[in-house]
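Heads up, the thing below is written out as structure tokens.
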Amino acid sequence: MATEHEQWFERGEIYALGALDGAELKDYQAHLDSHCPICEPYLRETRKTLNLLHRSLQPTMPPRAVKHRILQQIGDESAQAKWFPRRRQIIGTIAAGVIGMLLTGTYYHYRYERRHRVYSSVVELLRDPATRDYTLYGTGPTPAAKGRFLWNPSGEGHIFVSDLPSAPEGRMYAVWTIPQHSAPRYVGTVQTNPKGQGGLHIHAVRNELPIEIFAVTLEPHGTTSAPSGPMVLVSKPS
């Protein structure tokens with residue numbers, strides 16, 4: 001959605017990531033100091049979304065071959081920087097960060113491409129004034145669970161969940177949208193990490209009927225036609 005604030009939206013997203021610098025950083029900070037009624041709330045929402053995304057994406061262990069290539073490349077770069085102290089210091093810092101990332105198993109698919117793709121999709125949802133933010137409440141066997149459901153009438157949405165235990169073997173957490181006076185529609189499966197956090201970006205077929213309830217149920221694997229298991233998260237009727 002194009003507006004006269006497009007450039008400030010883009011800078012705000014980079015600013016929230018801590019990657020804005022130089023003249024653009026000074027310009028954006030000056031713009032914020034003017035108490036822009038559009039950019040201040042947009043920056044808050046962007047930071048909130050980044051925090052939620054960080055908790056919802058799943059880390060994965062890199063293959064040994066990937067570790068070997070990265071460590072070998074770091075060694076080569078360090079050798080080339082032998083007579084350049086400043087460059088050697090920068091490479092050393094990067095090397096320490098990469099090694100630490102590898103050892104803790106937080107090397108993400110395709111060098112953060114998945115994170116960036118999901119982040120961009122959620123930001124676009126937040127930009128659209130038609131998008132609504134629904135709170136999800138724990139119920140049934142998981143009363144302590146919590147969640148948020150961003151939903152756009154176009155059929156695109158994103159669900160964030162927390163304090164939701166991993167699904168038992170052979171079961172899954174099915175996500176449903178329930179239109180007014182209509183049957184529930186399956187829109188995907190959300191998975192959680194050991195901390196009970198997870199997320200799912202949704203691309204569903206547009207429904208002409210407004211969605212009244214958003215819900216998550218615990219189902220046998222493969223259940224997509226209709227919910228049959230206990231409800232674990234649900235929104236209040238809209």
Side-chain angles (χ1 to χ4, degrees), residues 1-3 6 9 13 38 41-42 44-46 48-53 55-58 114-143 145-164 166-167 170-192 196-238:
M1 138 182 139
T3 71
E6 190 73 23
F9 286 151
E13 292 160 13
I38 297 175
Y42 183 76
R44 285 195 299 270
E45 285 299 324
T46 301
K48 187 185 300 183
T49 300
L50 279 172
N51 182 52
L52 289 167
L53 286 176
R55 291 182 293 167
S56 69
L57 293 180
Q58 300 283 338
R114 182 187 175 202
R115 176 187 291 273
H116 176 71
R117 186 168 60 251
V118 175
Y119 162 72
S120 297
S121 297
V122 174
V123 168
E124 287 303 314
L125 272 178
L126 291 172
R127 284 182 176 181
D128 192 331
T131 298
R132 294 292 178 265
D133 185 354
Y134 299 90
T135 301
L136 299 176
Y137 301 91
T139 185
T142 58
K146 299 180 288 292
R148 291 177 62 194
F149 207 125
L150 300 178
W151 181 253
N152 190 283
S154 66
E156 185 176 1
H158 195 97
I159 181 174
F160 302 95
V161 301
S162 60
D163 298 321
L164 184 64
S166 297
R171 312 273 277 182
M172 68 178 194
Y173 287 122
V175 184
W176 309 87
T177 59
I178 307 176
Q180 292 178 356
H181 312 296
S182 186
R185 175 185 290 183
Y186 170 80
V187 292
T189 301
V190 63
Q191 297 179 337
T192 56
Q197 301 160 344
L200 173 70
H201 201 76
I202 296 163
H203 291 281
V205 177
R206 182 185 181 96
N207 196 316
E208 297 305 321
L209 296 173
I211 304 300
E212 186 173 28
I213 296 174
F214 301 88
V216 179
T217 61
L218 182 61
E219 304 288 345
H221 269 306
T223 302
T224 60
S225 57
S228 59
M231 191 175 291
V232 296
L233 282 165
V234 65
S235 67
K236 292 181 179 179
S238 57

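Keep in mind the model is a prediction, meaning the values are calculated, not measured. Only this structure's heavy atoms are used, side chains among them; waters, hydrogens and symmetry mates stay out.
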Look only at the side chain of [X] and the backbone of [Y], and say whether a donor-acceptor pair between them is shorter than 3.5 Å.
X	Y	result
Thr177	Ile211	no
Gln180	Pro210	no
Ser235	Phe214	yes
Thr223	Pro220	yes
Arg185	Ala204	no
Thr131	Leu125	yes

Open item on the list: Can you classify the ring geometry of Phe160 versus His158 as parallel (below 30°), tilted (30 to 60°) or perpendicular (above 60°)?
Closed with: tilted
Ignoring hydrogens, what is the shortest heavy-atom contact between [X] and [Y]? Give both atom names and the distance.
X	Y	result
Ile213	Pro237	CG1-CA, 4.1 Å
Ala226	Trp176	C-CH2, 3.4 Å
Pro143	Gly140	CD-O, 3.6 Å

Open item on the list: Evaluate Trp151 against Ile159 for side-chain contact (heavy atoms from CB on, under 4.5 Å), listing each step before the verdict.
Closed with: CA-CA 9 Å; Trp151 181 253; Ile159 181 174; over 6 Å; no
About how many Å separate [atom2] of [Y] and [atom1] of [X], when rounded to the nearest 0.5 Å?
X	Y	atom1	atom2	answer
Leu126	Asn152	CG	CG	10.5 Å
His221	Thr189	NE2	OG1	8.5 Å
Lys236	Tyr137	NZ	OH	4.0 Å
Ser162	Gln197	OG	CD	6.5 Å
His181	Ile178	NE2	CD1	13.0 Å
Leu200	Tyr173	CG	OH	14.5 Å

TODO: Verify the distance criterion only: is there a donor paired with an acceptor across the side chains of Ser228 and Glu219 at less than 3.5 Å?
DONE: yes
- [ ] Tell me yes or no: between the side chains of Glu156 and Ser154, is some donor less than 3.5 Å from an acceptor?
- [x] no
TODO: Could you please spell out the steps behind the side-chain contact (heavy atoms from CB on, under 4.5 Å) verdict for Glu124 and Val122?
DONE: CA-CA 5 Å; Glu124 287 303 314; Val122 174; over 6 Å; no
Task: Among Thr135, Asp133, Val175, Val161, side chain to side chain contact (heavy atoms under 4.5 Å, CB included) partner for Phe149 - done: Val175
Open item on the list: Checking side chain to side chain contact (heavy atoms under 4.5 Å, CB included) between Leu233 and each of Thr139, Val190, Leu136, which is the one that passes?
Closed with: Leu136
- [ ] Would you mind reporting whether Pro141 and Val232 have side-chain heavy atoms less than 4.5 Å apart?
- [x] yes
